[in-house]
There are 2 protein chains.
Amino acid sequence: MKAISGFPTKQEMRDHKRREIVRCASEKFGTEGYENVPLDAIAAELGVTKAALYNYVSSKNDLLMQCYEVGMDRLIASVEQAMDMPSDTAAERLRIALETYVVTMTRKDMQYLWNDIRPLLAPGDKRSVQTSRDKIDSLFRAMLQDGIDDGSLRADLEPKLASLVILGAVNWVGIWFRASGSKKPQEIARAVVSDAMRGYLA
Amino acid sequence: MKAISGFPTKQEMRDHKRREIVRCASEKFGTEGYENVPLDAIAAELGVTKAALYNYVSSKNDLLMQCYEVGMDRLIASVEQAMDMPSDTAAERLRIALETYVVTMTRKDMQYLWNDIRPLLAPGDKRSVQTSRDKIDSLFRAMLQDGIDDGSLRADLEPKLASLVILGAVNWVGIWFRASGSKKPQEIARAVVSDAMRGYLA
DNA sequence: CACTTTGGTTACCGTCGGTTACCAAACTTG
DNA sequence: CAAGTTTGGTAACCGACGGTAACCAAAGTG
């Protein structure tokens, strides 16, 4: 192997191509809907044939999973970043993280995660999918626990139950939200999060 | 027309057959998943050919819509019944209605409404589907308003926003709930509804 | 320079939603 | 009751699409 620095290795090339496929698919799924995007369309847009895609993904469903993973990673990253913002109480950090979560979720290229993908992954329930979900769940549960500890949230809340209720309320936004509405995502996020958290404040 | 009483008219026969198709489809969709049930399978179970179904439904999607309608009607009926239970305050009636809603939704034959159907009906958004949803929404908003009026709920809550938040929390149950879990639906309903409503109590 | 590996193509298959042509039995009507 | 006509079904087929098999050219390798 030559290994002149700066030249991508074969493995890097391969991975780059795979990511490009996922990126292209993600865009088309998001705008046209999973069911309405034949693999031929994705292949054509990339200038190859459908069969070529199967060098990088094992099935159309697998491709969807990879799109899901990318989206979830972005969601997780945005929440983690919001969690690190300085604030007086854990409750305040939780509020910021939740609002960020909602705003990220209402982005056009994120919406289909909740409407198209989630229902389709019930049966196989690939490991990576469950991992993303658990990650988000644990982030919020940790914040809830912090809130109990520093007294900014009710001492008698159950983190497990509370995270289900709160995440239910905010995830639901991703389902009914349509960009055509008059309210801006930031406004919606503030209102929904405020209401969803109220019952848990100390 | 003979019209001897007790003999079904042609229209009744036709409608009865249509309902039988929907019932059969609903059961198969619920247990095997919409995508995994070919029309041939439904037709075979009814002892006819696929083409015969098209005398009663206009497409597979239309069949799914009709399943949705039946399920939603059942959901609405159960909530309306719960609303009529005698209780001291509007908040208490709301609690009972919500718990009933959750319990009904976790029934095996209702679950797929939320996981399979809802995502698929976004584009066409048939009128009847929107109607069912609006109906449920208006029922809960009315209860919220009653609660404001009789003082059992916070006077400053916005019914529109509150119904989205609360319904989000409870609808989410239909998505993560699996009958295999250890908790009974009734317990889950009580816990979730209690938490979801807490922030709105006066 | 053989020879294997990689990444692609063309051609094809099976499934499935949906349609068309047709047919038999049940109504309708003069 | 005989002659249309409507109804509800069948058999055969079509086109779209996910996925596969056979093959091939170019790059990598000893």
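Chain letters run A, B, ... following the sequence lines, proteins first and then strands; every chain starts at 1.
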Colleague: Tell me every residue that passes ring pair (Phe, Tyr, Trp, His ring centres under 6.0 Å) with B:F29, counting only those two or more places apart in sequence or in another chain.
Modeller: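 B:F29 satisfies ring pair (Phe, Tyr, Trp, His ring centres under 6.0 Å) with B:Y34 only.
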Colleague: With side chains defined as the heavy atoms from C-beta onward, is the minimum distance between B:T100 and B:I96 less than 4.5 Å?
Modeller: yes
Colleague: Would you mind checking if B:R19 and B:D15 are paired as a salt bridge, meaning a charged N to carboxylate O distance below 4.0 Å?
Modeller: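 The answer is yes: the pair qualifies as a salt bridge.
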Colleague: With a 4.5 Å limit on heavy-atom distance, are the side chains of B:D62 and B:Q66 in contact?
Modeller: yes
Colleague: What does nucleotides 12-26 of chain D look like as a protein-contact string, B for base, S for sugar-phosphate only, - for none, at under 4.0 angstrom between heavy atoms?
Modeller: -----SBBBB-----
Colleague: Give me, pair by pair, the N or O atoms of the protein and of nucleotides 22-24 of chain C that are less than 3.5 Å apart, along with how far apart they are.
Modeller:
none

Colleague: Could you tell me the separation between the CG atom of B:L46 and the P atom of D:dG9, rounded to a whole number of Å?
Modeller: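 It is 10 Å, rounded to the nearest whole Å.
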Colleague: Please list, chain by chain and in numerical order, all residues satisfying side-chain hydrogen bond (donor to acceptor under 3.5 Å, both in side chains) with B:D150, sequence neighbours excluded.
Modeller: B:S152
Colleague: Using a cut-off of strictly less than 4.0 Å between a heavy atom of the residue and any atom of DNA chain C, enumerate the qualifying residues of residues 15-33 of chain A by number.
Modeller: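 Correct list: A:K17.
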Colleague: Think B:R14 has a side-chain N or O under 4.0 angstrom from the OP1 or OP2 of D:dT7?
Modeller: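 Answer no for this pair, as no side-chain N or O of B:R14 is under 4.0 Å from OP1 or OP2.
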Colleague: Send over the distance from A:Y56 OH to C:dT6 P, rounded to a whole Å.
Modeller: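 Rounding to the nearest Å, OH of A:Y56 and P of C:dT6 are 11 Å apart.
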Colleague: Which pairs would a plain distance check flag for residues 43-57 of chain A, meaning a side-chain donor or acceptor within less than 3.5 Å of a matching protein atom at least two apart in sequence or in another chain?
Modeller:
| from | atom 1 | to | atom 2 | distance (Å) |
| --- | --- | --- | --- | --- |
| A:E45 | OE1 | A:K28 | NZ | 2.9 |

Colleague: Would you kindly give the CG-to-P distance between B:N55 and D:dG9, to the nearest whole Å?
Modeller: 6 Å
